[in-house]
There are 2 protein chains.
Amino acid sequence: MKYSNATNYALHTMVYLIWLPKSSTIGVQELAEIQKLSPTYLSKILTKLTKAGLIESTPGAKGGYKISKSPNEISFLDVIIAIEGESNLFNCSIHHNEGCLIEEVMRQSEENMKAELKNRLLVDIVKKMEEQKQQKANSN
Amino acid sequence: MKYSNATNYALHTMVYLIWLPKSSTIGVQELAEIQKLSPTYLSKILTKLTKAGLIESTPGAKGGYKISKSPNEISFLDVIIAIEGESNLFNCSIHHNEGCLIEEVMRQSEENMKAELKNRLLVDIVKKMEEQKQQKANSN
DNA sequence: TAATTAAAGACAATAAGAGTCTGTAATGTC
DNA sequence: GACATTACAGACTCTTATTGTCTTTAATTA
Ligand code: SF4
Ligand code: SF4
């Protein structure tokens, strides 16, 4: 059981997009260069993020991607659900019992993870990165 | 990202083994019958549980499996790690940064899930199942 | 109109999971 | 000791999901 690589790429891309000046857009080829991966593959990931409403895309010349909603509303969980989907981690399709005790534990533990992911905003990562950069600059 | 079916089978098997009278052993063919799956496949899962030290196996006639340590020491997390391994859910092999902020969030959220899984004991599931059975019997 | 860019979908390659089969080693029974 | 029983190991196949590429289409700007 692992997160897909796509989730990793998506998180990095989202952090980068939030870090960008709000009005500017950026194309997939440039984003792919930064992360050193194929533009066509990244394109699929970006399409998922677009459909989830996390970013906006404009086709055509001078088009590209940018953050859609306010960065204060975008959590880690939003990105992960956009990529991984929202089905449960534990598969109970075998013989579903009402109020099964095993399922309850698995579901609860998953909720604990998701609660943390929902609390953490991507924009806080960007802010902290800026702070680190600032401190480094000051210490010179 | 999903738990493997093997984890589901392992949890059910462990609950059953804990529910059994402590001294008795049970063979893989019988366990497989209960869960309606192939004995050879279940055997692989049981071997993993054995190597993790959760159950004991004795080969030969009248052999089989039984719980090894005290049920009070067996958590959901123990079973899950025995099957899924203990590597992290989030894959940072791409370009590992020291003290990366993204990784920290992913790691922390995973810890939250595992903390819950570590707190929950399989034996409590068995106890609650017995209670439910008791209540049902009383209401008749 | 022409250039640019995202989106869609078909397709191939890879990896992981699920499951089967066969043979071997250990243990108890006679 | 011979035999039946059982766990264990490993090779093997099948299926599924992920990863990634390629081609075509649609929208937008200049
Ligand atoms: S955990 Fe419970 S609900 Fe899920 S497959 Fe097992 S018995 Fe059914
Ligand atoms: S999350 Fe951080 S450590 Fe992990 S791959 Fe990205 S930059 Fe590297």
Side-chain angles (χ1 to χ4, degrees), chain A residues 1-10 12-13 17 24-33 35-68 80 82-85 87-91 93-94, chain B residues 1-13 17 23-33 35-68 80 82-85 87-91 93-94:
Chain A
M1 180 173 67
K2 285 199 160 304
Y3 285 104
S4 68
N5 291 345
T7 296
N8 191 317
Y9 298 141
H12 280 89
T13 306
L17 288 178
S24 67
T25 71
I26 181 173
V28 67
Q29 53 278 59
E30 200 171 341
L31 286 168
E33 238 172 67
Q35 298 190 59
K36 294 178 185 26
L37 69 124
S38 122
T40 45
Y41 182 43
L42 182 58
S43 170
K44 284 184 156 185
I45 297 170
L46 291 170
T47 301
K48 276 191 178 180
L49 294 173
T50 304
K51 286 188 174 169
L54 300 177
I55 59 181
E56 266 176 28
S57 70
T58 53
K62 297 292 282 177
Y65 296 93
K66 66 177 180 186
I67 293 293
S68 65
I80 289 168
I83 304 299
E84 303 276 346
S87 67
N88 286 15
L89 295 186
F90 186 67
N91 188 2
S93 60
I94 306 176
Chain B
M1 181 170 68
K2 285 201 160 305
Y3 284 104
S4 68
N5 291 347
T7 296
N8 191 318
Y9 299 140
L11 285 170
H12 281 88
T13 307
L17 288 178
S23 56
S24 67
T25 69
I26 181 173
V28 67
Q29 51 278 59
E30 201 171 342
L31 286 169
E33 237 171 70
Q35 298 190 58
K36 295 177 184 25
L37 69 125
S38 122
T40 44
Y41 181 44
L42 181 57
S43 170
K44 285 184 153 182
I45 296 171
L46 291 169
T47 302
K48 277 191 177 180
L49 294 174
T50 304
K51 286 190 174 167
L54 299 178
I55 59 181
E56 266 175 26
S57 69
T58 54
K62 297 290 283 177
Y65 296 94
K66 65 176 180 186
I67 293 294
S68 66
I80 289 168
I83 304 298
E84 303 276 347
S87 68
N88 286 15
L89 296 186
F90 187 66
N91 187 2
S93 60
I94 307 176

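Lettering follows sequence order; numbering is per chain, from 1.
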Specify the residue among A:M1 and A:G27 whose closest nucleotide of DNA chain C lies further upstream toward the 5′ end. A:G27
Heavy atoms only, 4.0 Å cut-off, all strands: where does A:K2 land among base, sugar-phosphate and nothing? nothing
Base, sugar-phosphate, or nothing for A:K48, non-hydrogen atoms under 4.0 angstrom? nothing
Sequence-distant partners of A:E33, side chain to side chain contact (heavy atoms under 4.5 Å, CB included), two or more places apart: none
Taking atom [atom2] of [N] as reference, at what distance in whole Å does atom [atom1] of [X] sit?
X: B:I26; N: D:dA7; atom1: CD1; atom2: C1'; answer: 14 Å
X: A:L46; N: D:dT19; atom1: CG; atom2: P; answer: 15 Å
X: A:E56; N: C:dA7; atom1: CD; atom2: P; answer: 11 Å
X: A:I45; N: D:dT19; atom1: CD1; atom2: C1'; answer: 9 Å
X: A:L17; N: C:dA6; atom1: CG; atom2: C1'; answer: 14 Å

Identify every side-chain donor-acceptor pair in residues 41-54 of chain B under 3.5 Å, counting partners at least two apart or on other chains, and give the distances.
residue	atom	partner	partner atom	Å
B:T47	OG1	B:S43	O	2.9
B:K48	NZ	B:I83	O	3.3
B:T50	OG1	B:L46	O	2.8

Check the phosphate of [N] against [X], side-chain N and O only, distance under 4.0 Å to OP1 or OP2. Yes or no?
X: A:S57; N: C:dA7; answer: yes
X: A:T47; N: C:dA6; answer: no
X: A:Q29; N: C:dT4; answer: no

For [X], which residues count as a side-chain hydrogen bond (donor to acceptor under 3.5 Å, both in side chains) partner, sequence neighbours excluded?
X: B:T58; answer: none
X: B:S38; answer: B:T40
X: B:K2; answer: A:S87

Could you encode protein contacts along nucleotides 20-30 of chain D as a string, one character per nucleotide from 5' to 3', using B for base contact, S for sugar-phosphate-only contact and - for no contact, with a heavy-atom cut-off of under 4.0 Å? BBB----BBS-
Using only atom types and a distance under 3.5 Å, with no angle test, would you say the side chain of B:E84 pairs donor to acceptor with the backbone of B:S4? yes
